[in-house]
Amino acid sequence: MNSPEQPLPTFDEVLLCTPQTSAEQVGLFLRRCLIPCSGGEKIYTMLYADELSYEVSCRAEELFQHLQHYHSSYRLVILCNCEREHSYIPSAFSHYKVHMIPQRSQAEIQQYLQHHFRVAQPSNSAASVFKDHMSVGVVSSRRAGMGK
């Protein structure tokens, strides 16, 4: 995010974890991250890794320990819910934990995201629904199940 022209992460750089995420999916992701190739300096991110099942988490840690010797300059970010910090993945990787303070203001982050998510030529698409012709939007409610 050093410049507005830096791209957003691509599909191969992000793994959104759920309780249904398989060990094979996590394994493929870790191999992409930890085995050097000509892919450049990508930053790989596992989101909600605390959601992984115990078996998948154990296999992921074993694979990580095995593969990290192939590539010493990998870039892997594991994001977890702070309320589930005692689940397997956050506990297993706790010695790698880094407390982060955002380096950019919220306004700068929003401006960067707006730059990448704005539809150039609005047409009859979903972008016409969201504010300022954005291709994505966040809809939330304090009351669950109210037809969002």
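Since the model is a prediction, treat every value here as computed from it, not as a measurement.
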Donor-acceptor pairs are to be reported for all side-chain atoms of residues 23-35 against protein atoms at under 3.5 Å, with residues two or more places apart or in another chain.
{"residue": "Gln25", "atom": "OE1", "partner": "Ser22", "partner atom": "N", "Å": "2.8"}
{"residue": "Gln25", "atom": "OE1", "partner": "Ser22", "partner atom": "OG", "Å": "3.3"}
{"residue": "Arg31", "atom": "NH1", "partner": "Gly27", "partner atom": "O", "Å": "3.4"}
{"residue": "Arg32", "atom": "NH1", "partner": "Asp12", "partner atom": "O", "Å": "2.7"}

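Here salt bridge (Lys or Arg N to Asp or Glu O under 4.0 Å) pairs that include residues 55-76, with residues two or more places apart or in two chains, are Glu41-Arg75. For residues 76-85, the set of pairs meeting the salt bridge (Lys or Arg N to Asp or Glu O under 4.0 Å) definition, not counting sequence neighbours, comprises Asp50-Arg84, Glu85-Lys97.
Residues satisfying the side chain to side chain donor-acceptor pair (under 3.5 Å) criterion with Gln65, sequence neighbours excluded, are Gln68. In this view, Thr21 and Thr18 satisfy the side chain to side chain donor-acceptor pair (under 3.5 Å) rule, not counting sequence neighbours.
Considering CD of Gln110 and NE2 of His115, their distance stands at 16.0 Å, rounded to 0.5 Å. Here Leu67 contributes atom CG and Tyr74 contributes atom OH; the two are 10.5 Å apart, rounded to the nearest 0.5 Å. For the atom pair Glu13 CD and Leu76 CG, the distance stands at 12.0 Å (nearest 0.5 Å).
Taking every heavy atom of both residues into account, Ser94 and Ser91 meet most closely at OG-O, 3.0 Å. Considering all non-hydrogen atoms of both residues, Met46 and Cys17 come closest at CE-SG, 3.9 Å.
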inquiry  = As a quick check of understanding, evaluate ring-ring contact (aromatic ring centres under 6.0 Å, His included) for Phe64 and Phe93, giving each step before the final call.
reply    = CA-CA 10 Å; Phe64 175 82; Phe93 290 88; 4.9 Å; yes
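Within a 6.0 Å sphere centred on OH of Tyr96, heavy atoms belonging to other residues, nucleotides or ligands number more than 12. More than 12 heavy atoms of other shown residues, nucleotides or ligands fall within 6.0 angstrom of atom CD in Gln114.
By the 4.5 Å side-chain criterion applied to Ile, Leu, Val, Met, Phe, Trp and Tyr, Leu16 is assigned to a cluster that also includes Val14, Ile43, Leu47, Tyr48, Val77, Leu79.
Side chains of Ser53 and Pro19 form no contact here, defined as non-hydrogen atoms less than 4.5 Å apart.
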